[in-house]
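Have a look at the structure below, then the notes.
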Amino acid sequence: MTAPAAGPVDAEDATQDALTEADAEQADVQAEEEETDAWKTREGAAPASIVACPNGPLLVRGDFEIVTPDGVPVPRDRETVALCRCGGSAIKPYCDGTHKLMKFDTARRRPVPAPARKAAEEA
């Protein structure tokens, strides 16, 4: 067996690798949903819990509802969903794995804009 040739990383390959990781993450979420639609009719569902994944989405499990600002329910077909918190998802409010492409870092803090800081001080 021969080793792959070493060379520069192709941007398309890097993007494909990141998408593959995103697909794997989504597959992990789906693996937790082996019950398929049984959660919709199960009585005594567990209360909602939220896990903030390091550098990733918010995983929400249990009995909850997602609604728009107008109160319209956002459809979901899984008991556990991954909610975007990087802002880059094309399927918001759900995560599509874009956080990996944009190297979303939950440890990095943005500076508070001066007007917001002043308003907070005056409150």
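Atom SG of Cys86 and atom NZ of Lys103 lie 13.0 Å apart (nearest 0.5 Å). Leu59 contributes atom CG, which lies 10.0 Å from atom CD1 of Ile50 (distance to the nearest 0.5 angstrom).
With Asp96 contributing its side chain and Ala90 its backbone, the two residues share a donor-acceptor pair below 3.5 Å. For the pair Asp105 (side chain) and Ala107 (backbone), a donor-acceptor distance under 3.5 Å is present. Using a distance-only test at 3.5 Å, with no hydrogens or angles considered, no donor-acceptor pair links the side chain of Lys92 to the main chain of Cys84. The backbone N or O of Cys53 sits less than 3.5 Å from a side-chain atom of Arg85, completing a donor-acceptor pair.
For the pair Arg76 and Phe64, the distance from NZ or CZ to the six-membered ring centre is under 6.0 Å and the angle to the ring normal is within 45 degrees.
Judged as a side-chain contact (heavy atoms from CB on, under 4.5 Å), and not counting sequence neighbours, the contacts of Glu65 are Val67, Pro73. Every residue two or more places apart in sequence or in another chain that forms a side chain to side chain donor-acceptor pair (under 3.5 Å) with Thr106 is listed here: Asn55.
Minimum interatomic distance between Gly56 and His99 (heavy atoms only, all atoms of both residues): CA-CD2, 3.6 Å. Of all the heavy atoms in Pro93 and Ile66, the pair that sits closest is CG-CG2, 4.4 Å.
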Open item on the list: One pair to check against side chain to side chain contact (heavy atoms under 4.5 Å, CB included): Thr68 and Val74. What are the steps and the verdict?
Closed with: CA-CA 7 Å; Thr68 67; Val74 175; 3.9 Å; yes
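The shortest distance between side-chain heavy atoms of Val81 and Arg61 does not fall below 4.5 Å.
Follow the hydrophobic side-chain contacts under 4.5 Å out from Leu101 and you never reach Phe104; the two are in separate clusters.
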